[in-house]
Amino acid sequence: MLEALLAAAAGLLFGVGGRYAYEKKQIADGKTKAEKEVANAHKRASEILLKAKDEALQLESERRKEVKRTEDRLAERESNLDRKLDELDRRTEKLRAQEVEVESLKDDIRDLRSKQQEKLEKIAKLNKTEATDKLMQMTERDIKEDLVGLVGKLQRDAMHDAEEAAQTILVTAMERMSSEVTAERTVTALKLTDDEMKGRIIGKEGRNIQALQRATGVDILVDDTPGMIVLSSFDPIRRQVARLALEALMKDGRIHPGRIEEVVAKAEKQIEKEVIRAGEDAAREVGVTGIPHEMIELLGELKYRTSYGQNVLMHSTEMAHIAGMIADEIGADVRITKIATLLHDIGKAVTHKVEGKHHHIGAELARKYGMDERIVHAIEAHHDDIEATTPEALIVRVCDAASAARPGARNISSENFAERMRDLENIATSFKGIDKAYAISAGREIRVIVRPESVDDLSAIKVARDIANKIESTMQYPGTIKVNVIRETRAIEFAK
């Protein structure tokens, strides 16, 4: 047992000693390896440092080269600038010499002109002052009448100078406002789905068509035109009700007197809604608020009213835009002006119910519904029977004339228009010395070309005045007509 313990202790000692020797060797090997890695790191650091120094030297060399090139370029530019300055100095000296030469030539020309004038005075036996006086006397005798007319024209122009600012404002506003023009008639054509529908609309012994005419107050004309009937009435709202009712009846297919009354009642309610919506849309488009509901409803009815083929609601809306621009330019109340202009023709919505002129009726309606007295006055004074005493009323009157007078606003037959153009041209060509005449700009200008060998410059003034006088005395026309007389002389030769 003791031996076993001794053997175990000897084994344990041997193991511990071997373990200690092994660990000592491992520590020595690690230390050697670390020393090698430190040496390698020092070596790599030295190599990197040397490489960095080489790169720095190379960059320094390139920078010096770039600086040298920049210095060379600047030196070259400085040399070029010096050369250009020298060249400019030479040119300046040359120009000075030429100026002296030009002045010398001018002096020579003045001397020649003086000598020529002296020779002409000796030949004509007149000095310059006497020749001028004689020429003026002859000219005055020849064109005395023209001068009198010209002086009168200049005086009239001077009187109208005060209106230039107003005309400029008006034209500017009209140029900024552009709108379509709708022309309505007293009849409405309605397309049918088929020819059998005519018989159904007429009904047995004409009962259906009679019921339609009683309910709508519109004449329904059924002729031989295939697929078409005509609704005739001077009241456009009634025509619209009849059109909607007929379209609904044709779509539904049931056409009899009881159904007709029901459909016409529905069409009338629909038109009432459209009328109110049209009035509200017009006020919203113009940008005004606070108009009484009753006036809005009457305003909407103007959508179905026309005056000389011009839609009254579109006319009023267009006028309101123009009036707002003018009021803003001259410092008038823009809101009052816009409302008065929008409602100026409101009386046309009830003229078939109330007796009187539409502007008086419109003013009474505005006063009845408690509108501003300035609006009432502007509505009532937009025609000439009442004097306009406020800037807003004057603007409404001017805008009404401008909107109605512009080309295309009102119906003018092509035959009358062509006849007017021919009359203008015939008046111009009736004078002696006229080669050609053209009426342009919708008859607002007549352009006359005269024969230069027959009419001189002074006579051209007289021809223009004579043509204008004859147009004034023989024709009826709105606005003014510009007479433009053109005299041109051309000298043509050929080099061979």
Side-chain angles (χ1 to χ4, degrees), residues 160 162-183 278-291 295-296 298-300 302-303 305-349 358-359 362-363 366 371-372 374-384 386-412 441-442 444 478-480:
H160 287 86
E163 300 180 4
E164 282 191 11
Q167 292 174 357
T168 302
I169 292 172
L170 179 60
V171 170
T172 303
M174 292 174 65
E175 287 175 347
R176 290 171 59 190
M177 181 62 201
S178 176
S179 64
E180 297 179 355
V181 179
T182 301
E280 292 174 347
D281 291 344
R284 190 180 304 111
E285 179 184 349
V286 174
V288 294
T289 57
I291 300 176
M295 298 294 281
I296 288 289
L298 290 172
L299 178 65
L302 296 180
K303 177 181 179 181
R305 304 284 176 183
T306 60
S307 177
Y308 297 97
Q310 188 179 26
N311 184 278
V312 180
L313 183 59
M314 291 182 64
H315 163 67
S316 300
T317 306
E318 175 190 72
M319 276 183 57
H321 285 298
I322 297 176
M325 300 174 198
I326 296 175
D328 187 57
E329 288 285 341
I330 68 173
D333 191 312
V334 176
R335 181 178 178 275
I336 295 294
T337 304
K338 280 188 173 183
I339 294 177
T341 310
L342 186 64
L343 302 179
H344 79 287
D345 275 344
I346 200 76
K348 290 183 179 179
H358 73 276
H359 50 290
M371 303 195 74
D372 193 299
R374 290 175 293 174
I375 297 175
V376 175
H377 172 67
I379 294 173
E380 193 169 20
H382 80 269
H383 284 303
D384 295 333
I386 292 180
E387 183 181 359
T389 58
T390 64
E392 292 80 11
L394 289 170
I395 292 173
V396 175
R397 180 179 292 188
V398 169
C399 291
D400 187 33
S403 177
R406 61 187 177 81
R410 295 187 171 182
N411 290 331
I412 301 176
S441 300
R444 298 187 184 277
T480 60

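If you read the sequence from its start, that first residue is 1, and numbering goes on from there.
Between M371 and I339 the shortest side-chain heavy-atom distance falls below 4.5 Å.
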Go through the steps to decide whether D345 and H382 satisfy the test side-chain contact (heavy atoms from CB on, under 4.5 Å), and finish with yes or no.
CA-CA 9 Å; D345 275 344; H382 80 269; 3.6 Å; yes
Could you go through residues 387-397 and list every donor-acceptor pair under 3.5 Å that involves a side-chain atom there, pairing it with any protein atom two or more places apart or in another chain?
{"unit_1": "T389", "atom_1": "OG1", "unit_2": "H377", "atom_2": "NE2", "d": "3.0"}
{"unit_1": "T390", "atom_1": "OG1", "unit_2": "A393", "atom_2": "N", "d": "3.2"}
{"unit_1": "E392", "atom_1": "OE2", "unit_2": "D333", "atom_2": "N", "d": "3.1"}
{"unit_1": "R397", "atom_1": "NE", "unit_2": "A381", "atom_2": "O", "d": "3.2"}
{"unit_1": "R397", "atom_1": "NH2", "unit_2": "A381", "atom_2": "O", "d": "2.8"}
{"unit_1": "R397", "atom_1": "NH2", "unit_2": "H383", "atom_2": "O", "d": "3.0"}
{"unit_1": "R397", "atom_1": "NH2", "unit_2": "I386", "atom_2": "O", "d": "2.7"}

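Shown here are the side-chain contact (heavy atoms from CB on, under 4.5 Å) partners of V334, two or more places apart in sequence or in another chain: A327, D328, K338. Applying the side-chain hydrogen bond (donor to acceptor under 3.5 Å, both in side chains) test to D281 and every residue at least two apart in sequence or in another chain returns R284.
In this structure, E380 and A363 approach most closely via the heavy-atom pair CB-CB, 3.5 Å. Closest of all the heavy-atom pairs between A283 and I296 is CB-CD1, 4.0 Å. Considering every non-hydrogen atom in both R374 and D372, the closest pair reads N-OD1, 2.7 Å.
Looking only at distances, a side-chain donor or acceptor of H344 sits under 3.5 Å from a matching main-chain atom of T341.
Rounding to the nearest 0.5 angstrom, the gap separating the CE atom in M325 from the OG1 atom in T337 is 13.0 Å. Here D400 contributes atom CG and E318 contributes atom CD; the two are 10.5 Å apart, rounded to the nearest 0.5 Å. Rounding to the nearest 0.5 Å gives a distance of 14.5 Å between OG of S316 and NZ of K303. Atom NE2 of H315 and atom CG of L342 lie 11.0 Å apart (nearest 0.5 Å). Taking OG1 of T317 as the start and CG of L313 as the end, the distance is 4.5 Å to the nearest 0.5 Å. Here the CG atom belonging to L299 is positioned 5.0 Å from the CD1 atom belonging to I346, to the nearest 0.5 angstrom.
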